[in-house]
Number of protein chains: 2
Amino acid sequence: MTTAAARPATLEDVARAAGVSRSTASRVIAGTGAASPEARDRVAAAADRLGYVPNAAARALVRGAGVRLAVAVTGTTSAVLEDPYVARVVAAAAQVGTPHGIGVSLHWLPRSAPQALRELAYDRGVCGIVLVNTTGSVLDAVPRSLRGRVASIGIGSRTVPAFDVDNGGGTTAVLHHLYATGRRRIAMVTGPRWLMCAGRSVRAYRQMVREAGLPVRLVRGDFTPARGRAAAVEVMERWPDTDAIFAASDPTALGVIAGLRRRGVLVPGDVAVAGFDDIPLAELSTPALTTASHPVGRIATAAAQAVLDRRPVPPATFFPSALVARDSA
Amino acid sequence: MTTAAARPATLEDVARAAGVSRSTASRVIAGTGAASPEARDRVAAAADRLGYVPNAAARALVRGAGVRLAVAVTGTTSAVLEDPYVARVVAAAAQVGTPHGIGVSLHWLPRSAPQALRELAYDRGVCGIVLVNTTGSVLDAVPRSLRGRVASIGIGSRTVPAFDVDNGGGTTAVLHHLYATGRRRIAMVTGPRWLMCAGRSVRAYRQMVREAGLPVRLVRGDFTPARGRAAAVEVMERWPDTDAIFAASDPTALGVIAGLRRRGVLVPGDVAVAGFDDIPLAELSTPALTTASHPVGRIATAAAQAVLDRRPVPPATFFPSALVARDSA
DNA sequence: GTGAAAGCGCTAACAA
DNA sequence: TTGTTAGCGCTTTCAC
């Protein structure tokens with residue numbers, strides 16, 4: 001039961017109310033060090049009664065720890081910060097930080113100036129960093145001082161553990177589905193070239209078509225619907241007999257469908273279309289989009305947790321991506 | 001030019017390097033108080049050279065300010081925190097906080113226990129609160145101590161400034177469009193009853209149909225696609241001659257379209273469908289969704305800025321919502 | 001098991 | 001204009 005107070009209670013208040021010293025109160029509250037069961041009870045009761053909440057700033061100051069988790073997104077322009085995908089990562093990270101009294105800040109890492117990362121690393125307010133859309137040069141710019149308190153959603157390095165969806169597995173699952181349903185001339189609209197983790201999908205595609213003896217039909221994409229629209233046209237002009245298009249992201253796939261429809265191509269009748277990510281609205285599109293799942297929330301949660309808990313983690317954790325078969329393919 | 005350092009520089013380091021006292025350095029860095037141009041230069045140079053970044057925790061501690069901005073979302077279950085809309089708000093707030101060295105944390109306010117807000121208010125780490133999906137009882141639970149550092153996205157109160165989209169205006173714009181294109185039996189799928197800001201849309205609907213002498217056809221919704229599907233069925237069964245359905249959210253509208261299609265109803269041929277929010281994928285659906293814009297990012301940015309800047313703001317700021325006419329209506 | 005005391009990095013009186 | 005001083009609230013040796 002918490003009682004209203006003009007001024008939020010401090011540890012000193014709690015200690016006094018419990019009749020112990022500040023140190024003892026601190027040990028009990030922080031759960032560190034020993035204390036007699038009696039003292040423990042009295043402090044807990046007092047804290048409860050006063051509605052005591054530890055001051056995160058003071059705690060961080062004395063511990064030399066930071067007080068916020070930085071989400072740093074690599075991109076060509078700061079517009080990447082408006083991306084719904086980034087928003088989901090930030091929200092998940094914020095949820096993880098909350099019980100620790102840790103907030104999340106959002107930063108843009110210019111693709112051309114990855115050293116901007118150093119500034120973050122030198123900010124003592126930053127207790128850890130979650131990298132998004134990581135590139136090789138960003139990874140190279142990670143200072144040693146960050147070791148153990150940085151994680152990457154995307155590719156990783158020896159010092160930066162990676163958390164990501166298993167693009168390869170998801171891609172393979174989708175392509176197998178396409179193949180199993182009779183498609184033999186499958187084109188792919190990829191992610192941006194500079195985004196290394198997108199390369200895993202492309203590799204899976206190449207391997208699959210090679211093994212099946214199918215033609216390679218690659219078109220560069222950038223995850224946007226607009227690019228999907230254009231890519232659909234491009235594909236049908238270069239390879240008119242294409243019977244399936246796999247896009248590395250759902251928004252792009254939806255754009256592909258729109259582009260195809262505009263040309264009078266039937267989906268999935270003439271051309272099957274599949275995406276990747278299973279965004280909330282994939283099932284609401286017409287036709288409902290066949291895609292592969294992408295547990296963004298779980299991935300971001302794991303990454304944030306890893307940096308906040310300073311727990312040793314494997315160099316790379318891949319979250320499974322499963323086929324979500326609907327109507328478009 | 002910043003130089004790598006084993007240990008991030010402190011203000012003390014900067015002062016020493018600049019040959020001034022810590023206070024002078026503080027004044028220069030914080031931009032508060034006076035300092036000679038000479039001292040100013042020397043400190044700035046030293047700070048730059050050492051790659052100095054102020055310690056947010058120390059600063060917050062001495063100032064008695066917090067270090068994070070809490071985004072508190074009211075909802076029946078903690079699942080509201082997974083909502084893409086909430087994610088956009090959090091991301092926008094995080095962006096606003098970043099230059100201040102302020103992080104964002106995300107909290108669920110149980111609809112049945114709005115007093116959970118007190119805990120946040122007593123947390124000295126919290127410098128301000130942005131309320132989302134505000135209800136009357138949440139507003140009542142806002143302690144006086146929060147005055148000036150709380151804002152609401154949704155409804156407000158005498159002490160809590162509100163920032164929201166002009167639902168009324170957007171709704172009216174959509175309904176006028178429906179009317180102008182010949183629709184006369186317009187049903188509406190509303191938002192959840194407890195969400196007061198959703199009431200503005202309903203009021204606009206009631207007024208519009210009354211003035212035009214049209215029948216009132218209201219069905220309760222909850223912003224989800226699933227509910228939209230069911231609502232479509234419900235509407236067509238209760239009022240088979242309905243020729244337009246307006247949903248208070250785009251996901252619901254998409255669900256309505258799906259439900260209608262399942263029954264063989266043509267959109268927009270038989271029934272026009274319009275939504276509200278203009279989510280990124282509204283233009284990619286089939287048919288492309290007619291809706292009203294909802295600048296979530298700008299609204300959240302304004303709300304976050306208001307609490308961080310402690311700037312006096314009007315009791316309510318409404319952001320215009322414009323008709324986005326596409327194919328579904 | 002407990003308390004006294006020092007100090008994390010910074011700002012804000014106050015005095016010079 | 002500048003430096004000195006006293007904390008902000010907390011954790012953490014180190015004695016007892």
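Just so it is clear, the values below take in all heavy atoms, side chains as well, and ignore hydrogens, waters and symmetry mates. Computed from a predicted structure; not experimentally measured.
When rounded to the nearest whole Å, the span between CZ of B:Arg59 and C1' of C:dC8 equals 16 Å. In this structure, B:Glu12 places its CD atom 9 Å from P of C:dC8, rounding to the nearest Å. Nucleotide C:dG9 holds its C1' atom 13 Å from the CD1 atom of B:Ile29, rounded to whole Å.
Residues forming a salt bridge (charged side-chain N to carboxylate O under 4.0 Å, His left out) with B:Arg16 (at least two apart in sequence, or on another chain): B:Asp13. Residues passing the side-chain hydrogen bond (donor to acceptor under 3.5 Å, both in side chains) test with B:Asp164, sequence neighbours excluded: B:Arg200. B:Ala162 pairs by the side chain to side chain contact (heavy atoms under 4.5 Å, CB included) definition with B:Ala316, not counting sequence neighbours. Under the side chain to side chain contact (heavy atoms under 4.5 Å, CB included) criterion, A:Ser23 pairs with A:Ser21, A:Arg27, sequence neighbours left out. Remark: A:Asp41 engages no residue in a salt bridge (charged side-chain N to carboxylate O under 4.0 Å, His left out) (not counting sequence neighbours). Taking B:Asp166 as the reference, nothing meets the salt bridge (charged side-chain N to carboxylate O under 4.0 Å, His left out) condition, with sequence neighbours excluded. Considering only residues two or more places apart in sequence or on other chains, A:Glu12 meets the salt bridge (charged side-chain N to carboxylate O under 4.0 Å, His left out) condition with A:Arg22.
Residues A:Ala35 and A:Arg22 both approach DNA chain C. Their nearest nucleotides, taken by heavy-atom distance, put A:Ala35 toward the 5′ side. Toward the 5′ end of DNA chain D lies the nearest nucleotide of B:Val20, the other residue of the pair B:Gly64 and B:Val20 mapping further downstream.
Axis deviation across the helix from C:dG1-D:dC16 to C:dA16-D:dT1 amounts to 40°, comparing end segments of five pairs, rounded to 10 degrees.
The span of DNA chain D lying next to chain B, judged by atoms under 4.0 Å from heavy atoms, is bounded 5' to 3' by D:dT1 to D:dG9.
Annotation: side chain to side chain donor-acceptor pair (under 3.5 Å) contacts involving residues 86-102 of chain A, sequence neighbours excluded, are absent. Applying the salt bridge (charged side-chain N to carboxylate O under 4.0 Å, His left out) rule to pairs touching residues 58-71 of chain B yields B:Arg68-B:Asp123, sequence neighbours excluded.
Residue B:Ala39 is in sugar-phosphate contact alone, with no base atom involved, counting any heavy-atom pair closer than 4.0 Å across all strands shown. Backbone-only engagement by B:Arg124 is indicated by non-hydrogen atom pairs under 4.0 Å involving sugar-phosphate atoms exclusively. B:Ser36 comes within 4.0 angstrom of sugar-phosphate atoms only, judged by non-hydrogen atoms across all strands, and of no base.
Separation of atoms NE2 (A:His107) and CG (A:Leu120) is listed at 5.0 Å; rounding is to 0.5 Å.
For the pair B:Leu117 and B:Ile129, the minimum side-chain heavy-atom distance is below 4.5 Å.
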Nucleotide N/O to protein N/O under 3.5 Å, stretch nucleotides 13-16 of chain C:
none

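In this structure, A:Thr24 reaches the C:dG3 phosphate: one of its side-chain N or O atoms is under 4.0 Å from OP1 or OP2.
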